[in-house]
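Data block below; observations after.
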There are 2 protein chains.
Amino acid sequence: MVFLSEQPVTAADKTFFQLRKDIVEGEIQPGSKLSETELSTKYAVSRSLIREAINRLEACHLVERKANVGARVVALTQEGLTELYQVREALEGMAARLAAKNMTDQEIADLNGLLSSHFQEVKSAGSYYQEAGDLDFHYRIILGSKSNHLISMLINGIYHLVRMYRVQLGMAGPRVTTAFDEHKHIVQAISNRDEELAEMLMRRHISYSRNNIEAKLANNF
Amino acid sequence: MVFLSEQPVTAADKTFFQLRKDIVEGEIQPGSKLSETELSTKYAVSRSLIREAINRLEACHLVERKANVGARVVALTQEGLTELYQVREALEGMAARLAAKNMTDQEIADLNGLLSSHFQEVKSAGSYYQEAGDLDFHYRIILGSKSNHLISMLINGIYHLVRMYRVQLGMAGPRVTTAFDEHKHIVQAISNRDEELAEMLMRRHISYSRNNIEAKLANNF
DNA sequence: TGCCCCTATATTGTCGACACTTTGTTGGAC
DNA sequence: GTCCAACAAAGTGTCGACAATATAGGGGCA
């Protein structure tokens, strides 16, 4: 698994990471209110740190805050999901394009290796991709873009919301079978340094993924 | 001019807006250090509000903070500009696509009207677009996407950084003459509800703009 | 009975003080 | 003269208290 250099250095960081985890993994339910005083006793830190954490969570669209009223965890809706995946399509498409341009040969070789190891899992288990494997694949391409802006927006930003939708909809990962072929073709395009194709395939891949998850969400409501 | 509903409701908001303004417009120089104590006396508010403002500025990539050391205004570099415009190309391309799909006929008519009034200015003044006019055009399309995620990321996020580069490079706006035709064609595509073309033309428009501004920046260093 | 206003309470917004970390300096030893 | 270590100063990180605002409940009036 690719390591994200997100190491907490201060107590505020720890509080933020913990709170984000509890929200993304559903321990704190979507739509529920975030009381600063309550959370400060729960996590045993001062209200200042809770406030800072909530501010950061607001910046990555995990909570919504109203002045003088309070903050709530975002509610998961069909429209929200659609918007999220549209942004993801645009940004990750660009990331794939840049990855085709900027990844080193070694990184591409590693990516192929990752794909092979996933292929083994598919053969043995008969189904592709748990959450972690899919994230690993996408993270490598995002990091491969070598664009700090893109990396920050995707990995520190919207991917936590993506994971939150997945958890709430009770999926271990994306579509189990077809996704592998799509990943394979994307890696091929990157190997060939075909920027145009890499972007197009990534966008389609995410678009398919959106259709799939939208269908699941429609069942939930 | 389209009004952005960014109305300060709390003192923290005012501090944030003021500080952001001073950074974007160059009153506080790129790369300079942001001392919390110093700023708290300068703006006559407590350190807490300054801290919150700096946190928000960090979220939109206007400052960089190191734990226990401090925050600095971002330095403007060739790579940073390139990355910024790549993100902009991806997101605004998607915005144009969605605008072609989601703008009302009335909004499209207004957009055409805006273009006409700009055309008058071109004829009389001989040059297209001051900063404000260009921003207005792009903001309308972004808002026309009707996607809260996109709107937030672009208008609350990266557009301030875009303006900061423009100010620092001493440009009143984008390329003065050619931009008008590009805008016209984008509006035509949106009028025809041609999502594909609208996205493509917007991406090209921003790509051209990037080449233009990169050249100017190369001269400055 | 229904509506409005007012008050009480709980929650958020703002502040100044204290604790800890970093950094630059000064002194001494080799 | 150079390097290392202890120290001092400045700045950031964290905290609890006070102020201001929104919400809910009850009482008064039509």
Side-chain angles (χ1 to χ4, degrees), chain A residues 5-23 27-75 152 156, chain B residues 5-23 27-75 152 156:
Chain A
S5 54
E6 253 196 351
Q7 203 169 339
V9 0
T10 178
D13 289 336
K14 279 183 223 157
T15 307
F16 168 56
F17 291 148
Q18 183 67 46
L19 193 52
R20 185 178 64 187
K21 180 169 180 278
D22 291 345
I23 289 175
E27 188 154 325
I28 301 177
Q29 282 289 317
S32 61
K33 185 162 192 306
L34 293 175
S35 162
E36 294 180 359
T37 53
E38 187 181 322
L39 291 175
S40 82
T41 62
K42 177 177 174 183
Y43 293 102
V45 294
S46 95
R47 253 188 66 216
S48 312
L49 299 192
I50 298 291
R51 271 181 77 79
E52 183 176 333
I54 290 179
N55 278 331
R56 289 207 234 173
L57 289 169
E58 190 187 17
C60 47
H61 301 271
L62 285 172
V63 313
E64 287 168 350
R65 143 171 285 169
K66 274 192 219 167
N68 287 310
V69 174
R72 310 191 79 89
V73 179
V74 291
S152 169
N156 297 323
Chain B
S5 53
E6 253 196 350
Q7 202 168 338
V9 357
T10 177
D13 289 336
K14 278 184 223 155
T15 307
F16 169 57
F17 291 148
Q18 182 66 46
L19 193 51
R20 186 179 63 187
K21 179 167 181 279
D22 290 346
I23 289 175
E27 187 156 326
I28 300 177
Q29 281 291 314
S32 61
K33 185 163 191 307
L34 294 175
S35 162
E36 295 180 358
T37 51
E38 188 181 322
L39 291 175
S40 82
T41 61
K42 177 176 175 184
Y43 293 103
V45 293
S46 97
R47 254 189 65 216
S48 311
L49 300 192
I50 298 291
R51 271 182 76 79
E52 183 176 333
I54 290 180
N55 278 332
R56 290 209 233 173
L57 290 169
E58 189 187 17
C60 46
H61 302 270
L62 285 172
V63 313
E64 286 168 351
R65 145 171 285 170
K66 274 192 214 167
N68 287 308
V69 174
R72 310 191 80 88
V73 180
V74 291
S152 168
N156 297 323

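Just so you know, these numbers use all the heavy atoms, side chains as well, and skip hydrogens, waters and symmetry mates. A note on names: the letters A, B, ... follow the listed sequences, proteins ahead of strands, and every chain is numbered from 1.
Spacing between atom NZ of B:K66 and atom P of C:dT21 amounts to 18 Å, rounded to whole angstrom units. We find that CD of B:E52 is positioned 16 Å from C1' of D:dT14, with the value rounded to whole Å. Here the P atom of nucleotide C:dT11 and the CZ atom of A:R65 are 15 Å apart, to the nearest Å. For the pair B:L39 CG and D:dT12 P, the computed distance is 9 Å after rounding to whole Å. Put simply, NZ on B:K42 is 16 Å from P on D:dG11, counting in whole angstrom units. Atom-to-atom, CD1 of B:I54 to C1' of D:dG11 comes out at 12 Å; the value is rounded to the nearest Å. In this structure, CD of B:E36 is placed 12 Å from C1' of D:dT14, rounded to the nearest angstrom. In this structure, B:I50 places its CD1 atom 14 Å from P of D:dG13, rounding to the nearest Å.
Between the side chain of B:R47 and the base of D:dG13, a donor-acceptor pair under 3.5 Å is found.
Between A:A12 and A:N68, the residue anchored nearer the 5' end of DNA chain D, judged by the nucleotide with its closest heavy atom, is A:A12. Nearer the 5' end of DNA chain D, as judged by each residue's closest nucleotide, is the contact made by A:A44, out of A:A44 and A:V69.
At a threshold of 4.5 Å between non-hydrogen side-chain atoms, the residues A:N55 and B:N55 do not count as touching. Counting heavy atoms from C-beta outward, A:R51 and A:R65 have side chains that approach closer than 4.5 Å. Here the side chains of B:T41 and B:T37 are not in contact, with every heavy-atom distance at 4.5 Å or above.
Relative to the side chain of B:R51, the nucleotides C:dC15, D:dG13, C:dG13 differ in distance, and D:dG13 lies closest. With distances taken from any side-chain atom of B:L49 to the nucleotides C:dT22, D:dG13, C:dC15, the minimum falls on C:dC15. Closest contact between the side chain of B:A11 and the listed nucleotides D:dT14, C:dT14, D:dA22 involves C:dT14. Here C:dG13 is the nucleotide among C:dC15, D:dT12, C:dG13 with the atom lying nearest to any side-chain atom of A:A67. You'll find that the side chain of B:S46 is closest to C:dC15, out of C:dT11, D:dC15, C:dC15.
Of the charged side-chain nitrogens involved, none lies within less than 4.0 Å of a carboxylate oxygen, so that B:R20 and B:D13 do not count as a salt-bridged pair. Salt bridge absent: B:E58 and A:R56 never bring a charged side-chain N and a carboxylate O closer than 4.0 Å.
Backbone-only contact: B:L34 has heavy atoms under 4.0 Å from sugar-phosphate atoms and none from a base. Residue B:T10 is classed as a sugar-phosphate contact, given heavy-atom separations below 4.0 Å to backbone atoms only.
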